[in-house]
Amino acid sequence: MDQLSNPSSYEMPSSEEAGQSILPETVGKFIKCGHTLHMLCMLAMYNNGTKDGSLQCPSCKTIYGEKTGTQPKGKMEIYSVAQSLPGHPDCGTIQIIYSIPPGIQGPEHPNPGQPYTCRGFPRFCFLPDNEKGRKVEKRTTTFLVTMLMLHINVISLLTQHHSMVTRLDLCLSARRQVLELLKVAWMRRLIFTVGTSSTTGEQDTVVWNGIHHKTEMMSNLSGHGYPDPNYLENVLSELASQGVTEDCLKPP
Ligand code: APR
Ligand code: ZN
């Protein structure tokens with residue numbers, strides 16, 4: 001939080017190799033977002049984290065490198081269910097089952113060497129599937145053609161239609177994408193962590209890690225069920241804040 005014109009108040013850690021010294025005045029610039037930071041502050045930030053080869057800009061949260069988490073060993077299974085979720089009548093359901101058995105905490109966890117518990121596992125989660133989603137888009141197009149034939153405010157309709165289709169496309173691709181991105185997040189150990197449960201207060205237990213999942217299929221007693229028209233958008237932004245974006249799905 002010092003001014004950049006003053007030197008960093010961090011010192012070069014003694015563990016760093018000799019000859020690689022960084023001066024307290026040296027300022028670095030993040031390549032994608034352009035934010036600036038004292039290099040020694042940046043180094044201190046890295047050494048205080050999980051040291052996984054990734055860094056997050058403290059100003060705008062842009063992630064550099066591949067952020068990984070501390071999720072313990074377990075299994076992610078994916079099934080298809082031929083039943084619709086409330087609010088998604090046009091498609092079936094993807095069911096994700098997370099299984100994590102209890103174990104001993106590693107050096108990346110809050111109390112290394114101590115055991116961790118696993119409450120409520122296997123955890124069942126639900127996503128809308130995309131199979132029949134296209135039908136909605138077709139209906140919109142037919143609606144537009146009818147309106148055009150009626151010569152009603154063509155320009156404004158075209159604009160509306162364009163944004164409507166974009167939004168539907170986004171919605172349809174988002175459904176497919178969320179599952180793929182959740183798989184990436186699982187591989188990067190970002191879905192769960194070991195810590196204190198905010199629901200039960202239990203310590204040294206496996207807990208959700210900021211990427212919200214829907215754990216109720218046909219009810220919404222916990223508030224983590226359907227309908228929730230904003231869910232796909234919200235989970236996409238939670239994934240993005242962990243560095244898991246569409247870019248991760250592109251071939252290298
Ligand atoms: N379903 C999905 N997410 C939940 C639930 C739930 N029933 N309860 C809480 N969360 C979300 C919270 O909104 C919070 O963002 O998980 C995050 C972490 O909350 P914790 O209580 O610390 O998480 P955890 O102890 O892992 O789980 C609470 O979730 O899946 C259930 O069986 C699980 O009952 C347990 C509950
Ligand atoms: Zn930034």
Side-chain angles (χ1 to χ4, degrees), residues 1 4 27-39 41-46 49 54-65 67 69-79 85-87 93-103 105 109-111 115-128 178-179 182 185-186 189-228 230-245 247:
M1 298 304 287
L4 282 180
V27 170
K29 185 174 175 179
F30 281 105
I31 240 157
K32 283 189 270 179
C33 62
H35 287 117
T36 48
L37 197 66
H38 284 122
M39 291 299 281
C41 295
M42 203 182 280
L43 187 60
M45 183 172 77
Y46 183 77
S54 78
L55 260 187
Q56 188 163 28
C57 170
S59 303
C60 69
K61 310 295 177 203
T62 299
I63 291 170
Y64 294 82
K67 184 179 175 183
T70 62
Q71 174 186 287
K73 281 202 170 62
K75 193 168 64 175
M76 175 189 195
E77 294 168 280
I78 294 143
Y79 298 94
L85 292 164
T93 300
I94 298 163
Q95 184 187 41
I96 306 171
I97 306 178
Y98 294 113
S99 309
I100 296 182
Q105 297 181 48
H109 294 133
N111 293 303
Y116 57 81
T117 57
C118 299
R119 306 296 176 195
F121 284 90
R123 293 191 183 182
F124 295 79
C125 309
F126 305 94
L127 281 177
V178 168
L179 177 65
L182 288 175
W186 171 264
R189 305 177 64 198
L190 294 165
I191 307 272
F192 295 98
T193 185
V194 174
T196 304
S197 167
S198 52
T199 305
T200 64
E202 186 176 355
Q203 298 179 332
D204 299 309
T205 191
V206 177
V207 294
W208 293 116
N209 187 37
I211 301 171
H212 277 88
H213 282 67
K214 292 297 188 189
T215 51
E216 290 185 59
M217 184 176 176
M218 300 311 288
S219 55
N220 194 9
L221 304 170
S222 62
H224 299 283
Y226 291 94
D228 180 350
N230 301 321
Y231 176 61
L232 293 175
E233 288 297 325
N234 289 345
V235 73
L236 281 174
S237 79
E238 290 172 344
L239 283 158
S241 74
Q242 300 286 329
V244 181
T245 62
D247 291 348

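Remember, it's 1-based here, ligands and their atoms both numbered in the order they're listed.
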S.K.: What protein heavy atom lies closest to atom 18 (C) of ligand 1? Include the residue and the distance to one decimal.
M.R.: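 The protein heavy atom lying closest is W208 CB, 3.9 Å.
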S.K.: Between H109 and Y116, what is the ring plane arrangement, given parallel below 30°, perpendicular above 60°, and tilted in between?
M.R.: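 Perpendicular.
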S.K.: Does K214 approach ligand 1 within less than 4.0 angstrom via side chain, backbone, both or neither, non-hydrogen atoms only?
M.R.: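 Neither; no heavy atom under 4.0 Å.
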S.K.: When you look at NZ of K32, are more than 12 heavy atoms from neighbouring residues, nucleotides or ligands closer to it than 6.0 Å?
M.R.: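 Counting neighbours around NZ of K32, more than 12 heavy atoms of other residues, nucleotides or ligands fall under 6.0 Å, so yes.
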S.K.: As an exercise, state the distance from CD1 of I97 to CZ of R123, rounded to the nearest 0.5 Å.
M.R.: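 That separation rounds to 14.0 Å.
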S.K.: With rounding to the nearest 0.5 angstrom, report the OH to CG distance, Y226 to L127.
M.R.: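 With rounding to 0.5 Å, OH (Y226) is 5.0 Å from CG (L127).
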S.K.: Only heavy atoms of T215, strictly under 4.0 Å: list the atoms of ligand 1 that pass.
M.R.: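 Near T215, the atoms of ligand 1 are 1 (N), 2 (C), 6 (C), 7 (N), 30 (O).
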S.K.: Report the relative orientation of the aromatic rings in F192 and W208; use parallel for angles under 30°, tilted for 30 to 60°, perpendicular for over 60°.
M.R.: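 Geometry flag for W208 against F192: parallel rings.
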S.K.: Restricting to N, O or S, what is the name of the atom of H35 that lies nearest the Zn ion (ligand 2)?
M.R.: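 The closest N, O or S atom of H35 to the Zn ion (ligand 2) is ND1.
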S.K.: Kindly indicate whether atom 25 (O) of ligand 1 is approached by any protein heavy atom to under 4.0 angstrom.
M.R.: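 There is a protein heavy atom less than 4.0 Å from atom 25 (O) of ligand 1.
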S.K.: Non-hydrogen atoms of E202 versus ligand 1: any pair closer than 4.0 Å?
M.R.: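 The answer is no, since E202 has no heavy atom less than 4.0 Å from ligand 1.
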S.K.: Please report the interatomic distance OG(S241) to CD1(I63), rounded to the nearest 0.5 Å.
M.R.: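 If we round to the nearest 0.5 Å, S241:OG and I63:CD1 are 6.5 Å apart.
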S.K.: Suppose we measure from atom 20 (P) of ligand 1 to each protein heavy atom; which comes out shortest, and what is that distance?
M.R.: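 Protein heavy atom at minimum distance: S198 OG, 3.2 Å.
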S.K.: Starting from atom 6 (C) of ligand 1, locate the nearest protein heavy atom and write down its residue, its atom name and how far away it is, to 0.1 Å.
M.R.: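 Protein heavy atom at minimum distance: H224 CD2, 3.3 Å.
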